[in-house]
Amino acid sequence: MLKRGCKSEDVRSLQENLRRLGYGGGKIDAIFGEKTEDAVLCFQEAEGLYPDGIVGSITLQALEQAMLEQQLMLHSPGLDSFDMQPDRLPFTRVPADPYRDGYDRCYLRSDAAQAYLAVRDQVCEAGGKLTSSGARRALTARVSPSRSATSFHYLGRALDLHVGSGMERPGRDPYVITAAGDGYWRVYARAPGGEPMELQALTYRSRQRSRPVEGRFLDLTGLFVAQGFTGIRAKRSFASGGSWLGAEWWHFQYERELVDGITTFGHELLKVYSESTLSGSPPWQYRDRIYGVNWS
């Protein structure tokens, strides 16, 4: 069993194999540290294993199988040249501010993580918070009306602020949510170092009639947009009294370098997973969806 704190040649082999599979893991130094643990967690989630960051017999068996499948792929004809590239974008753990039952970290694709950290630096400097209900979604996650099979979460390109950190008590919540038109929202982070503002806040209970809220805020939506993230529309049912889960104000997705009419969902999946890992998963069935055409 290998876990954080272990130092051995077995750890070195583990690090080498994780890197070959595209999970990063930091330096190959035979020391099971934080980055190696992150890489193990990413692998476990991708394989549908219990994500505890510990390499026991089940995780080891899955690693060996993944390495075997990669070798078979690398020596098989007709594979897309990109999929034969073992150096994929790793998932990176980024910090978040705990709020209620939310998380103190989440995982994003490395380029999205860098953009997120740029936003976080500005929010923290002003004394605000970035909460989290999660980011990366496992390939085996159940698909439902509220969980699209082509979600940016599968790509490590999306994050959710804590769903209870806004739209509940605008006078105290970390975020105040205002309407931006056409089903979109503007999210403002409460921060001592922000600008004094009077905002027209909406809540889960009062979805059509706003109430004024005064305080110091940062335009969080603006900060995210400057780093390549966009928000998404609320579901149509939300405005007419549907489930509060249709609000979607908390969701931001990283869309930088995606090209309308050209980039496919499958191509983006292959930037973070091997085809052998993706095969048979719900998202892989939609690999031909095109950004800006039938995927957004």
Side-chain angles (χ1 to χ4, degrees), residues 1-96 103-114 116-117 132 134-141 153-157 268-281 283-284:
M1 180 180 293
L2 301 176
K3 59 183 179 179
R4 192 165 179 174
C6 291
K7 301 178 182 180
S8 68
E9 288 304 305
D10 286 338
V11 173
R12 186 186 302 277
S13 296
L14 169 66
Q15 292 170 329
E16 290 173 346
N17 289 338
L18 287 167
R19 177 166 294 184
R20 291 192 186 102
L21 291 169
Y23 291 95
K27 294 181 180 179
I28 297 177
D29 56 6
I31 301 173
F32 200 124
E34 179 180 343
K35 291 186 177 179
T36 300
E37 184 180 59
D38 285 346
V40 171
L41 285 166
C42 289
F43 174 78
Q44 289 173 325
E45 290 194 4
E47 295 293 320
L49 305 175
Y50 179 70
D52 57 5
I54 298 173
V55 181
S57 59
I58 295 176
T59 298
L60 181 61
Q61 184 178 5
L63 274 166
E64 291 173 347
Q65 181 64 28
M67 290 298 298
L68 176 60
E69 291 175 354
Q70 184 187 75
Q71 289 302 311
L72 291 173
M73 288 174 61
L74 289 172
H75 293 90
S76 298
L79 289 176
D80 182 270
S81 59
F82 181 84
D83 192 50
M84 294 173 67
Q85 175 57 255
D87 295 325
R88 294 182 173 83
L89 291 171
F91 285 103
T92 302
R93 180 164 69 177
V94 294
Y103 303 116
D104 63 358
R105 82 286 185 201
C106 60
Y107 293 85
L108 293 166
R109 207 176 82 167
S110 57
D111 52 352
Q114 185 175 0
Y116 166 88
L117 290 172
S132 176
R136 178 192 56 194
R137 182 173 298 163
L139 295 173
T140 53
H153 284 293
Y154 290 115
L155 309 174
R157 277 182 171 267
E268 287 299 306
L269 283 168
L270 288 168
K271 286 186 177 180
V272 288
Y273 294 110
S274 69
E275 187 169 349
S276 60
T277 298
L278 292 163
S279 179
S281 68
W284 191 237

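Just so it is clear, the model here is predicted, and its values are computed rather than measured. We're numbering straight along the sequence, starting at 1.
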Here the pair of heavy atoms bringing Ala112 nearest to Gly156 is CB-O, 3.7 Å
Under 3.5 Å donor-acceptor, His153 side chain and Ala135 backbone: yes
If you look at every heavy atom in Ser8 and Leu2, which pair is closest and at what distance? OG-CD2, 4.3 Å
Can you check whether Pro283 reaches Leu139 side chain to side chain, under 4.5 Å on heavy atoms? yes
Calculate, to the nearest 0.5 Å, the distance between atoms CD1 and CZ belonging to Ile28 and Arg19 respectively. 4.0 Å
Is the backbone N or O of Ile31 less than 3.5 Å from a side-chain atom of Gln15, with the two atoms forming a donor-acceptor pair by type? yes
Is it the case that the side chain of Gln44 and the backbone of Thr59 share a donor-acceptor pair, with hydrogens and angles ignored and the cut-off at 3.5 Å? no
Quick one: are Thr36 and Leu14 in side-chain contact, heavy atoms under 4.5 Å? yes
Within the 4.5 Å heavy-atom criterion, are Glu275 and Trp284 side-chain neighbours or not? yes
Test side chain to side chain contact (heavy atoms under 4.5 Å, CB included) on Leu63 and Leu18; report intermediate values, then the result. CA-CA 8 Å; Leu63 274 166; Leu18 287 167; 3.9 Å; yes
Restricting to salt bridge (Lys or Arg N to Asp or Glu O under 4.0 Å), what partner residues turn up for Arg4, sequence neighbours left out? Glu34, Glu37
CG of Leu60 to CG of Asn17, rounded to nearest 0.5 Å, is 9.0 Å
Between Cys6 and Met1, which heavy-atom pair has the shortest distance, and what is it? SG-O, 4.3 Å
Rounded to the nearest 0.5 Å, the CG atom of Asp104 sits from the OG atom of Ser132 at a distance of 9.0 Å
CZ of Arg93 to SG of Cys106: how many Å apart, nearest 0.5 Å? 11.0 Å
d(Leu117 CG, Leu108 CG) to nearest 0.5 Å is 8.5 Å
Verify the distance criterion only: is there a donor paired with an acceptor across the side chains of Ser279 and Ser276 at less than 3.5 Å? no
Between Tyr273 and Phe91, is the ring centroid distance below 6.0 Å? yes
Could you go step by step and tell me if Ile58 and Tyr50 meet the side chain to side chain contact (heavy atoms under 4.5 Å, CB included) rule? CA-CA 10 Å; Ile58 295 176; Tyr50 179 70; over 6 Å; no
Looking only at heavy atoms, what is the nearest atom pair of Ser110 and Leu89, with distance? OG-CD2, 3.5 Å
Between CG of Leu278 and OH of Tyr154, what distance do you get to the nearest 0.5 Å? 11.5 Å
Glu16: partners by salt bridge (Lys or Arg N to Asp or Glu O under 4.0 Å), with sequence neighbours left out: none
Residues Asp38, Thr92; criterion side chain to side chain contact (heavy atoms under 4.5 Å, CB included); working and verdict: CA-CA 7 Å; Asp38 285 346; Thr92 302; over 6 Å; no
Going by heavy atoms in the side chains, are Val94 and Tyr107 under 4.5 Å from each other? no
Expected output: side-chain Arg157 to main-chain Arg109 donor-acceptor under 3.5 Å: no
